[in-house]
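To start, the structure itself, in structure tokens.
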Amino acid sequence: MKKFDRERVLLAVAGPVIALIAAVALTSVVLIASGKSPIEPYSLMFEQATFSDIQVLIINQAGMYYLAALAVAVGFRMNLFNIGVDGQYRLAAMMTAVVGAHVDLPAVLQIPFLMLVAMLTGAFWAGIAGVLKVTRGVSEVVATIMLNAIATSLIGYLTLTSVWGVPLGNNQTTGEMKKSGWFPGIDMGAAGEIYGFTLIAVLMGVLYWLVLNRTRFGFDLRATGASETAAAASGVDAKRMVLTAMLISGGVAGLAGMPILLGDAHTYSLSFPTGLGFTGITIALLGRNNPVGIAFAALLIAFLDKASPALDYVGYDKEIAVIMQGLIVLAVVVSYEAVRVWGLRRQQHRVGEELAAAAAATNDDNHTEKEVAAR
Amino acid sequence: MELTGITKRFPGVVANHDIHLTVRKGTVHALVGENGAGKSTLMKILYGMQKPDEGTIAVDGEPVSFHSPADAIARGIGMVHQHFMLADNLTVLENVVLGSEKLHGIGGAARRKIKEISDRYGLGVRPDALVEDLGVADRQRVEILKVLYRGATILILDEPTAVLVPQEVDALFANLRELKAEGLAVIFISHKLGEVLSVADEITVIRRGTTVGTAVPAETTPRQLAELMVGSELPTPETAESTVTDKPVIEVKGLTVYASGASLGELGAPAEVADPAGGAAGGITGGGPVAEGSVGGQVRRVLDDVTFTIHAGEVMGIAGVEGNGQTELIDALIGLKNADAGSIAFLGEDITAWQTRKRREQGIGYIPEDRHRHGLLLEAPLWENRILGHVTEKPNTKGKRAFWLDPAGAQADTRRIVEEYDVRTPGIDVTAASLSGGNQQKLIVGREMSHRPKFLIAAHPTRGVDVGAQAAIWDHIRDARREGLAVLLISADLDELIGLSDTLRVIYNGRLVADADPAAVTPEELGSAMTGAATGHLEHVEQEPAEDAADAEDAEDAEEAAPEDEAR
């Protein structure tokens, strides 16, 4: 039995490792093709990662990626592709910023209250796609892509000075949030400050694992993802499950912008980070929807993000990191499918092997065995 | 054709070991063996889909080696698969020439050739019919024609009778005799012994991957053959004593389900399977004006006014050609499909509006027809599959309102099931996909029986299961029945139906058209009702339905609804 456990770990690790090796190799090919050193950029980036200020940046970025990727992963676990995490977290961050600028509760209440606002906004936005899918059969992929575009326009409208916007210099903000809603950070001295919300991200990871693997609801959700027909036959109400999963996914997505909003920016402005949701898809894929895997993937992508700008100063293009991220996605999809099929075959053979061995051992008293079977 | 010392190893498993097989021209050679005995592997080797590790194949005395099915076809070997490989929306002609356009073109020459082959072997194939309009038996003849068109002299038929009713089987056998009269060799794979004995000239038995003996049909009884196949005493599905009580467990009244639009052709097909043998019995009277009318209208009723009652301790068998409403009946009972009319009562309570989960929690067990689609999470470990369908029940969950999963409890119970139901697996952490079909089925049966259901929907409970395990599954059902379980048994195996059931009904075109006493009915009589040729109460001599009640053997037939239902 232990053997199969070990094998499962091996299979789980094999996919990402193969994908990363392939992505690095292909990136090197790109570098060689453009007449540059295929090794040096990597060593430069690794050198960057040894600086403590870069490390803090990486961790802060990874925290946000982690939440976005968890949101995507919830959908993936039941075969829903929530591409709309991007729109959901931006809209949620903006709403939270507006609410935080106007409501002033004591900090113990203010922060949970703001989190609730963020989650409800995200859930609401994702829920639209969920309702459309359940009642009208609209593909959640199409609906969430559309909702992303609508969210952009909606945010543009709501941050107009005539609505909720507050101009600040040549930036358009939503006004500074009340101090009680600022999430205290972890001071790292000269290196900067780690967003305190990163801890919430870690907690969300634990919660994600707990809910999916240890609750009845999680089992239903995973069963629906693994086989909708089998889940339906087992008594899962597929429509309700779609809607619930969409709401949860959106709720988690709503939190993705919180680390920077509550920890640093304290307002939603034109310079608020965008694209977390799309990167989250990459990370969820790379991390195989597993909370630990996603954490590593988030750190890796954050590393590529934060270590690559230095390349510009030594004659390389920092877009190398973008190329690499793209290649990782491609390699991940291919290698996971290959490893999955290979693993399944291998296990089938192993099971056959063990059973054959067991049969051979009892082959002498063929008759006894038959009697057991015919009992 | 001659095979000598064929051995095929898969990593860790020897699928075929030292197989010897000689097939002579102008004979039907049957290959019999249990599921998993190695028949399919041998056929794949014969047809060039896999290469043997050892041994030689010779055709007409010449040693050959096949690298692909194309090589086998070039050598005159053709295969008719169990699952037909036909494009529904093309005509017979188009299907036949597809892929061998070079032989006779795609026009008049090809049509003439098809007619010629069809006439020569008495296949009765119309080249311009659409395949989707054809019944199962006709499709099979098209498959045979396809193979002959490519010049095959050796035909391999893989379980050709699995989808046919007895009369169609007879027609197929008549075709096979024509083929062999013309000097062709037919390799006939089956595990239905009666059929093998009636059609084969020679029989080779495979057990545990090797040929254990040959038999000449004239000198062999099915029982001897079966013992050769299994290697020990053979179980029979007979139910000794009646345990039927008068306490109704499930009462279905006027259950009607409309088609949602898909695959009407498939469902309608059996109606056209009017074969020579069934035709004599008075044509299709079962349909009646109501059914005919609704077929013509916009909405088709896939279940039409189905009424029955199953009592505690009773097994009610439903016979029918697949696609006549069995799937819809199961779906409606388990709650996957809503009833468009009628009601379902469980232990006196109306459950028509209940969700699937509530039905299962309250004690409806479900052995699904298609275990891969409805019964298992293939890529999940066995213990998670043990939870599936019973996620709200102990030992799978704990805590208030069964909120938390209990993996330890589920795992321990999975070990128990593996032990008690003889699921052959190295552990409970392997994925369900890595088990053989029979072992998957044993796991499902174990899971469902572990929750002590009061009503069990058993669709093909022993499909794909070897003979030993089949007996074990029957025993489990019988034991539970003794304790008051009500069972709805749907099976394609008429012997299983007759042997296990207390009452029998025949479903045709979505309606229960006939009933029968399993103690008195023969598979042939059931078969003719399955094609719609006979209705009402089936006896050796046709009798009035009114005499049902007098039938002492099955007192449960006294459910008043039954006679009206059939008289319609």
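A note on names: the letters A, B, ... follow the listed sequences, proteins ahead of strands, and every chain is numbered from 1.
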Pair Asp406(B) + Arg216(A), salt bridge at N-O below 4.0 Å: no

Contact winner vs chain A - Glu379(B), Lys398(B), His372(B), heavy-atom pairs under 4.5 Å: Glu379(B)

Structural part of Thr425(B) lying under 4.5 Å from a heavy atom of chain A: backbone

Part of Phe403(B) lying under 4.5 Å from any heavy atom of chain A: both

Glu384(B) portion near chain A, given a 4.5 angstrom heavy-atom threshold: both

Contacting region of Pro368(B) [heavy-atom separation from chain A under 4.5 Å]: neither

Over 12 non-hydrogen atoms of neighbours within 6.0 angstrom of CZ in Arg416(B): yes

Side chain, backbone, both or neither of Asn213(A) within contact of chain B (heavy atoms, under 4.5 Å): backbone

Crowding at CD, Glu361(B) (>12 non-hydrogen neighbours, <6.0 Å): yes

Arg373(B) backbone acceptor or donor facing Thr229(A) side chain under 3.5 Å: yes

Which atoms of Val236(A) approach chain B - backbone, side chain, both or neither, heavy atom under 4.5 Å: both

Any side-chain heavy-atom pair of His390(B) and Ser234(A) under 4.5 Å: no

Residue Gln355(B) excluded, over 12 heavy atoms near CD under 6.0 Å: no

Matching residue for Phe219(A) among Leu405(B), Thr392(B), Thr397(B) - test: side-chain contact (heavy atoms from CB on, under 4.5 Å): Leu405(B)

Arg360(B) side-chain N/O to Ala233(A) backbone N/O, donor-acceptor pair under 3.5 Å: yes

Closest heavy-atom pair and its distance - Thr356(B), Ala232(A): CG2-O, 3.7 Å

Spacing of OG belonging to Ser227(A) relative to CG belonging to Leu377(B), to within rounding of 0.5 Å: 6.0 Å

Other residues, nucleotides, ligands: >12 heavy atoms within 6.0 Å of Phe124(A) CZ: no

Per-residue contact mode, Leu336(B) against chain A (heavy atom under 4.5 angstrom): side chain

